[in-house]
Amino acid sequence: MTKDPAARIVLKQEWGNYFLFGVESPALAGEAKPGQFLMVRVSDHIDPLLRRPLSIHARERNTLEIFFKIAGRGTALLARKKEEDRLDILGPLGAGFRLDAGLKGKAVFVVGGGRGIAPLYFLARELRTAGARVKVLYGGKSLPDLPLKQKFEKAGLDVACSTDDGSSGFHGLVTGLLQNETNKQNPAALFVCGPDPMMKKTAEIAAREKIPAQFSLESMMGCGFGACWGCVKRIRKGDDGAWRKICEDGPVFSGDEIVWEEEG
Amino acid sequence: MTKDPAARIVLKQEWGNYFLFGVESPALAGEAKPGQFLMVRVSDHIDPLLRRPLSIHARERNTLEIFFKIAGRGTALLARKKEEDRLDILGPLGAGFRLDAGLKGKAVFVVGGGRGIAPLYFLARELRTAGARVKVLYGGKSLPDLPLKQKFEKAGLDVACSTDDGSSGFHGLVTGLLQNETNKQNPAALFVCGPDPMMKKTAEIAAREKIPAQFSLESMMGCGFGACWGCVKRIRKGDDGAWRKICEDGPVFSGDEIVWEEEG
Amino acid sequence: MVDLSVDLGFLKLRNPVLAASGTFGYGLEFEPFMDLNSIGGFVVKGLYFGPREGNPPPRLVETAGGLINAIGLQGVGVEQFAEEILPRLRKYQTAIFVNVCGASDEEYIRAIEYLNRYEGIAAYELNISCPNVEKNGACPALNSGHTFSLVKLAKQASRLPIIAKLSPNVTDIVEIAKAAEEGGADGISLINTILAMAVDIETQRPKLTNIFGGLSGPAIKPIALRMVYQVVSAVKIPVIGMGGIMTGSDALEFLIVGAKAVEVGTANFIDPAATLRIVGEIEDFCRRNDVKKIAGLVGTLKV
Amino acid sequence: MVDLSVDLGFLKLRNPVLAASGTFGYGLEFEPFMDLNSIGGFVVKGLYFGPREGNPPPRLVETAGGLINAIGLQGVGVEQFAEEILPRLRKYQTAIFVNVCGASDEEYIRAIEYLNRYEGIAAYELNISCPNVEKNGACPALNSGHTFSLVKLAKQASRLPIIAKLSPNVTDIVEIAKAAEEGGADGISLINTILAMAVDIETQRPKLTNIFGGLSGPAIKPIALRMVYQVVSAVKIPVIGMGGIMTGSDALEFLIVGAKAVEVGTANFIDPAATLRIVGEIEDFCRRNDVKKIAGLVGTLKV
Ligand SMILES: Cc1cc2nc3c(=O)[nH]c(=O)nc-3n(C[C@H](O)[C@H](O)[C@H](O)COP(=O)(O)OP(=O)(O)OC[C@H]3O[C@@H](n4cnc5c(N)ncnc54)[C@H](O)[C@@H]3O)c2cc1C
Ligand SMILES: Cc1cc2nc3c(=O)[nH]c(=O)nc-3n(C[C@H](O)[C@H](O)[C@H](O)COP(=O)(O)OP(=O)(O)OC[C@H]3O[C@@H](n4cnc5c(N)ncnc54)[C@H](O)[C@@H]3O)c2cc1C
Ligand SMILES: Cc1cc2nc3c(=O)[nH]c(=O)nc-3n(C[C@H](O)[C@H](O)[C@H](O)COP(=O)(O)O)c2cc1C
Ligand SMILES: Cc1cc2nc3c(=O)[nH]c(=O)nc-3n(C[C@H](O)[C@H](O)[C@H](O)COP(=O)(O)O)c2cc1C
Ligand code: FES
Ligand code: FES
C-alpha cells in the first residue's frame, strides 16, 4: 500500500464511454493482486474532493491498467487525461480475490457485467496461471458495452458474451448465460463483478447450484484504506453480520458472507 | 453587453507567466471600446466559482485579445487553455476610457505597469486613430516583464520602457520615466493602468503638473455587471465620495474622482 | 407541456424559480441577459428606509465552492427605489418582491408603510437575517422572540404578504420558523448567508475589512437543504428555499424536500441567465420523468 | 531551524498539526503512508464505552468542496481499544488523544474511568458534538447548560486533561465555549461537522440512509475559522481549530486567528500524508517569512 503521486499514463484506449489507461508505476504494480483496487485522484484541487476507486484491470512488471466507464463528473474528468499526463494514485488496496490452490485443473467461471469486467481480466489470467480452466462470461446492454471481448480473446481466454438486446452473443442477461452454462457443467468456483442486481441474481444461482462464489462489491468510498468507515456493507463472518469495511475486508467477499437484503 | 458561452481561442502566445489569447467572438468584438473588460469563466464547474475580469487588450472585426499574467489559480487554469478551446465570456463591460474629441493633434501619454499594460494597446491605437500623438510608457520589474514592447513597436507606436532593475530602458519605476518625460513636455492627457502604488504616484504627478489623467482601477469583482456591489471604491462625483461600482461606473476614473487614501 | 406554476397561497408564480435578494440588483441589471418575464419573480436588493453606504471594501472573498460577502446592504433606500426604479419594473409580468431591512424595528415599519403606497410589489421579504450589518452578525432572526415581535409589527403595518427571511446561524431553525409563523408571516424564505471569515496569511489581516461576512454558494447547499427540510415539516405556511442553487437539479432537491419555490443567489453572478437556465433544466427533468405539474413534486421526499 | 512546537499548557506538542477524530482511524491505518511521529499528535476515532454498530449505508455524500458523513460512530469501544490498539500506539512519541463519546452522561464517565487506567493517552477530547447519532443532530454541545454539566462531570472523573469538542450548529458558539471553560475544560476544539443533507432527485430519497449527516471539508472552512476566532477572544483556555484544513496555508489561517493547534480531518482521506505535508508547508512558510517560532504567530491577526 503506497501512494504514487505521479504515475505516468503510457497508454490510452477508448470505446465510446469506456476507457482504458496503462499507467507506469513500479511501486504500485509490484504489489498488485487481482481484485485489488486503486484510489485515483481525478482533480488537482477540491472538485471533486474525493479520489475515485478503480479496480486493477491488468498488471505488467512496471505498469498497471485501469478500465472504466464514465459514471459522473469524476470519471469524466479522468477520461480527459492524455498519454504522458500523471495520475496521483493510492494502492494497491483491499484484499482482492482469494485464489485457492485447489482450483488447479478445475473449471472456473469468471462473470462480469458492464464495467464490472474491469478486475476480471487480471483475475482470469492469474487463475489460468494457477492452472484453472477459465471461462469468461461477459455481459452488457449491447455490443458497444463489450469493448474488452477481443482483449480477452487475444489473451487466449475462452469468452462467452451476452447482450440484453441480442446484438452480440447470448440474447439476455449475463445471469441467463450463466444459468445456461451451469446447466451444461457446474464450475468449481465463480468470480463475479457487476451491478448489484446482477450479483444478487448470480449469488442465488451459485447458492442453488452450490458453487463457491466470490463477489467484488462496490460502495461509496471516502478513503479506500480503512480510515473513514464510509464504505460498509453488512457482512457475515461467522456471525449475523456487522457493517464491515468493503475497502479493507473486501472488496471481494464470498456469497455466503454477503447479506444481500441490506443492500442500497 | 452579452454572454458568449463559446468564444473560440484562435491565437495563443506566451512569455513566461504572461499570456495572450485571441478569441473569436463577433458579438463581443462588435461592441468593444478601449478600457472595457470581460468576465471570463476559467472553470466549467465550481472551482474557482467566480469569473475573472480581464481587460480587452485588442479588437479586430470578429476577434478580441486578452493579455494576462498568472496571479493565482484562476489565471493559471486559463493559461492551460489551448487554441480551439472555447471560453465562456461576458462582455464588453464597464464604461472604459473617455476619448475626448479635443485630443486631436495633441500629445498624450499612455502609462502601463506590468499586466496593467493590457488595456493600453487597444487604447493607444484608438487614440492614434482619433488623431492624438501617442507616447506609450511601459514599465516592468525586468525585461521579461515587458513582453508587449515589440507588439507596440510593430503597431508603429512610440514606446519608452522602464525596468526596476535596469535590464531594459529607463532604470527605475515607470513613474520615474513619466516624471522625466513630463519634464520634457507636458502631455494633454494621461491614461494609466498598473498596480495601485504606481497609479497613486502617477496621480500625484498628474495633479502637480495639472495634466488630466484617467486611471483604470482593479478590485475584487463578484459579477462584473453591477449586480453584486462587491467591487466598490470611494469615488467623488461632485460629492465627498461614495462607494461606487468599479465595474459599472468604471473601471476607468479620472484622477480627481478617485479617493486614493481609502484604497486597500 | 409541463405545468411549472406554483401557488404560494397568497400568490401564484409562473414557475418556482426566483432570483434572490442582493444577487439580482434591482432586476434591471439583468435585462441585457434575459427576459425577466421568464422566471417566477425576483427579490430586489435589500432596502432600508433611507440610502445606505454599505461596508468598506474589500467586500468579497472567494472560498472553496463559496463566496463570502460583506456588502453591508449598500443601496438607494425605499424612496428612490419606489420613485425611480419601480416604475421601470412595472412593465414586467413577473412577481417583484422587496427585501425590506431596518436598523431598528421602527425602520422596517417605516419602509413598509412607505412602500405600501406603491403598486407593483407582490410581497415584502422581511430581511431579518443579514449578518453584515451589526457586529458579530447579530440580527433579529437569531432570536425567536424578536422574530415573532418584528414579524407581527410588519404584518400589522403591511398591506402586502410578508415573507420572513431566516438566518442559518441558529441552533434551532424550527423554533425561529415557528415564531415567524406565529407572528403572522405569510411565508418563510431561507437561508440567508452563513457567518464566515477568511484571513490573508501574508498580511495577517482579515480578507474582508468588515472581518466577518456571509457565506453563500454551492458550499452551503447541504446545510441550506437540511434547514429547509426541517422547517417545511414544522410550519404550515409556504417555504421558499435557497442556498447554493446552481442548477435545475439543485433546485429540484429543494422542491422535493418541500420548498414551494426557490431563490437563486450567487449563481446569478457567474451566469447572469442562471435563473432562466434553471427553469429550463427543471422543465427538462419534468419532461424526462413524466412529471406533468411541478407542484406535484413538492414535498415528495421518501424517507 | 524553525521551532514548530506549541504549548497547550497541559501538554507540549512537537508541532501544531494533529489529525482529527474519525478521519485518522486508530492511527495504525496511516502507518503505510507516513511516520506518525512527524506530526503533533492525533485523535483516535470516537469511542463509546461499548462497541457501536454505526448507521446503515450509504454513509457518505460528496458535495461542492465538502463531504457529508453519517458514520454514526461505528467503533470498537474503549475496552478493545485499550487492550488491542493502544499497546500498538505506545511506541510512538506523538500525542495520542482519545475522542470520548456517550449515549448518556454516565456513558461518557464510564468510558473515561475505564481509560484512566491505561497509559499512553495524552488527553481526552470530549465529543459532545457529533450530529450523527441522535435524531435531528441533537448533542450536548447545542446547549450551554448541558455542556457545562457534562464537562464538569468528565473533568471530575478524569485523570487526564479534557478538551471539549464543540458543535458549529449553534447560535452562539462563544456561550458554549464559555460553558465548557467554566465546567473546567482544559482546552476547546472546534468545529465538529455541520448538520447537512442531500437528496437524490431521481429516486426522491435522501442520499444518506440517516437522512442527515455532518458536513466537513474545504466548504466549511470559512465558517470554522469565524467560530474559532470568536472563541479565542472569549476564553482563556487553549483552542484547537479545525474545519476544512487542506493545506499549510489553511492551517496558518487558524493559527493566526488564535488557535494554538489545528486538527486536519477530511484531508486525510484524500491524501493520507496530509498532516505531514501540512507540517512541511507551515515550516516552509515560516522560513520564507523569517518566523522563528510558530508559537509567535498564534493570535497575530491584525484587525
Ligand atoms: C472497489 C471499487 C472498484 C471499482 N472499480 C471500477 C472500475 O474498475 N471501473 C469502473 O468504471 N468503475 C469502478 N468502480 C466504480 C467507480 O468508482 C465509480 O463509477 C466512480 O467512483 C464514479 O465517480 P464519478 O465522479 O464519475 O461519478 P459520481 O458523479 O460521483 O457518481 C456517479 C455514481 O457513482 C457512484 N459513486 C461515486 N463515487 C463513488 C465511490 N467513491 N465509490 C463507489 N461509487 C461511487 C455514485 O453513488 C453515483 O451513483 C469501482 C468502485 C469500487 C468501490
Ligand atoms: C477591470 C479589471 C481588469 C483586469 N484586467 C486584467 C488584464 O487584462 N490582465 C491581467 O493579467 N489581469 C487583469 N486584472 C486582474 C485579474 O482579474 C486578476 O489577476 C485575476 O482575477 C486573479 O485571479 P486568480 O484566480 O488568478 O488569482 P487569485 O488566486 O484569485 O488571486 C490572486 C490575486 O488577485 C486578486 N483577485 C482575485 N480575483 C480578482 C477579481 N475578480 N478582481 C480583481 N482582483 C482579483 C486577489 O485579491 C489576489 O490578490 C483585471 C482586474 C480587473 C478588476
Ligand atoms: C453579494 C450578496 C448580497 C446579498 N444581499 C442580500 C440582501 O440584500 N438581502 C437578503 O435578504 N439577502 C442577501 N443576500 C443573501 C442571498 O439572498 C441568499 O440568501 C444567499 O446568498 C444564499 O443563496 P445563494 O447561495 O444561492 O447565494 C446576499 C447574498 C450575496 C452573495
Ligand atoms: C468520516 C468522518 C468521521 C468523523 N468522526 C468523528 C468522530 O468520531 N469524533 C469526532 O469528534 N469528530 C468526528 N468527525 C469530525 C472531524 O473530526 C472534524 O471535526 C470535522 O470533519 C471537520 O474537520 P475537516 O473539515 O478537516 O474534516 C468525523 C468527520 C468525518 C468526515
Ligand atoms: S472507504 Fe474509507 S473505510 Fe472504506
Ligand atoms: S463586480 Fe459586481 S457590482 Fe461590480
Side-chain angles (χ1 to χ4, degrees), chain B residues 1-5 27-28 31 39-53 71-74 88-93 196 217-235 239-250 259 261-264, chain C residues 19-20 22-34 42 45-46 51-76 132 203 205 207-209 213 216-219 221 244 246-247 265-274 277:
Chain B
M1 200 175 354
T2 184
K3 179 176 137 171
D4 185 339
L28 296 172
E31 295 179 43
M39 289 295 284
V40 181
R41 203 144 175 210
V42 292
S43 112
D44 60 0
H45 209 232
I46 58 147
D47 172 37
L49 190 61
L50 299 174
R51 291 171 184 268
R52 295 294 187 258
R73 182 168 160 73
D88 176 350
I89 302 179
L90 287 185
L93 300 164
D196 273 1
L217 303 184
E218 279 191 13
S219 80
M220 176 68 196
M221 288 191 174
C223 66
F225 53 92
C228 75
W229 273 255
C231 60
V232 299
K233 300 242 171 185
R234 206 171 275 291
I235 302 291
D239 55 19
D240 274 2
W243 300 121
R244 286 215 163 70
K245 292 184 263 181
I246 295 306
C247 69
E248 216 176 42
D249 297 349
V259 184
E261 293 69 31
E262 307 261 358
E263 302 277 317
Chain C
T23 67
F24 209 68
Y26 300 113
L28 304 168
E29 292 83 351
F30 288 77
E31 286 178 336
F33 303 108
M34 60 181 279
F42 58 88
K45 193 169 161 45
R52 286 272 299 194
E53 252 228 309
N55 292 323
R59 290 177 170 185
L60 297 176
V61 188
E62 213 180 5
T63 67
L67 172 68
I68 319 181
N69 90 81
I71 308 298
L73 291 165
Q74 179 170 358
V76 295
N132 291 325
T203 62
R205 287 180 195 283
K207 286 192 178 174
L208 296 169
T209 306
S216 65
K221 192 189 70 173
M246 304 293 284
T247 64
T266 305
N268 294 305
F269 300 155
I270 299 144
D271 175 4
R277 170 176 52 76

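A, B, ... follow the sequence lines: proteins, then strands. Residue 1 opens every chain. Reckoned from all heavy atoms, side chains included, excluding hydrogens, waters and symmetry mates.
- Put simply, CD1 on C:Ile270 and CZ on B:Arg41 are 6.5 Å apart, with the number rounded to the nearest 0.5 Å.
- Not one N or O on the side chain of C:Glu62 forms a donor-acceptor pair closer than 3.5 Å with the backbone of B:Pro48.
- Proximity of C:Asn268 to B:Cys223: side-chain heavy atoms (C-beta onward) are nowhere separated by under 4.5 Å.
- In this structure, the portion of B:Arg52 lying under 4.5 Å from any heavy atom of chain C is its side chain and not its backbone.
- No donor-acceptor pair under 3.5 Å is formed between the side chain of C:Arg59 and the backbone N or O of B:Cys231.
- Only the side chain of C:Thr266 comes within contact range of chain B, with at least one heavy atom under 4.5 Å from a heavy atom of that chain.
- Side-chain contact check for C:Phe269 versus B:Met39: every heavy-atom pair is 4.5 Å or farther apart.
- Of the listed residues B:Asp88, B:Thr2, B:Leu50, B:Asp47, the one with more heavy-atom pairs under 4.5 angstrom with chain C than any other is B:Leu50.
- Note that CD1 of C:Ile71 is 5.5 Å distant from SG of B:Cys228, once rounded to the nearest 0.5 Å.
- Taking each heavy atom of C:Glu29 and B:Lys245 in turn, the nearest pair found is OE2-NZ, 4.3 Å.
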Step-by-step side-chain contact (heavy atoms from CB on, under 4.5 Å) determination, B:Leu49 to C:Met246
CA-CA 11 Å; B:Leu49 190 61; C:Met246 304 293 284; 4.0 Å; yes
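- Scanning all heavy atoms of the two residues, the minimum distance from C:Leu60 to B:Met221 falls at CD1-C, 4.0 Å.
- The two atoms that bring B:Phe225 and C:Pro272 nearest to each other are CZ-CB, 3.6 Å, heavy atoms only.
- The two atoms that bring B:Trp229 and C:Gly25 nearest to each other are CZ3-CA, 3.8 Å, heavy atoms only.
- Using a 4.5 Å cut-off between heavy atoms, B:Ser219 does not touch chain C at all.
- Residue B:Asp239 places its CG atom among more than 12 non-hydrogen atoms of other residues, nucleotides or ligands, all under 6.0 Å distant.
- For the pair B:Val232 and C:Glu53, the minimum side-chain heavy-atom distance is 4.5 Å or more.
- The shortest heavy-atom contact between B:Lys3 and C:Asp271 is NZ-OD1, 3.1 Å.
- The candidate from B:Ala242, B:Gly226, B:Gly224, B:Gly222 with the greatest count of non-hydrogen atom pairs under 4.5 Å with chain C is B:Gly222.
- Side chains of C:Phe33 and B:Met1 form a contact here, defined as non-hydrogen atoms less than 4.5 Å apart.
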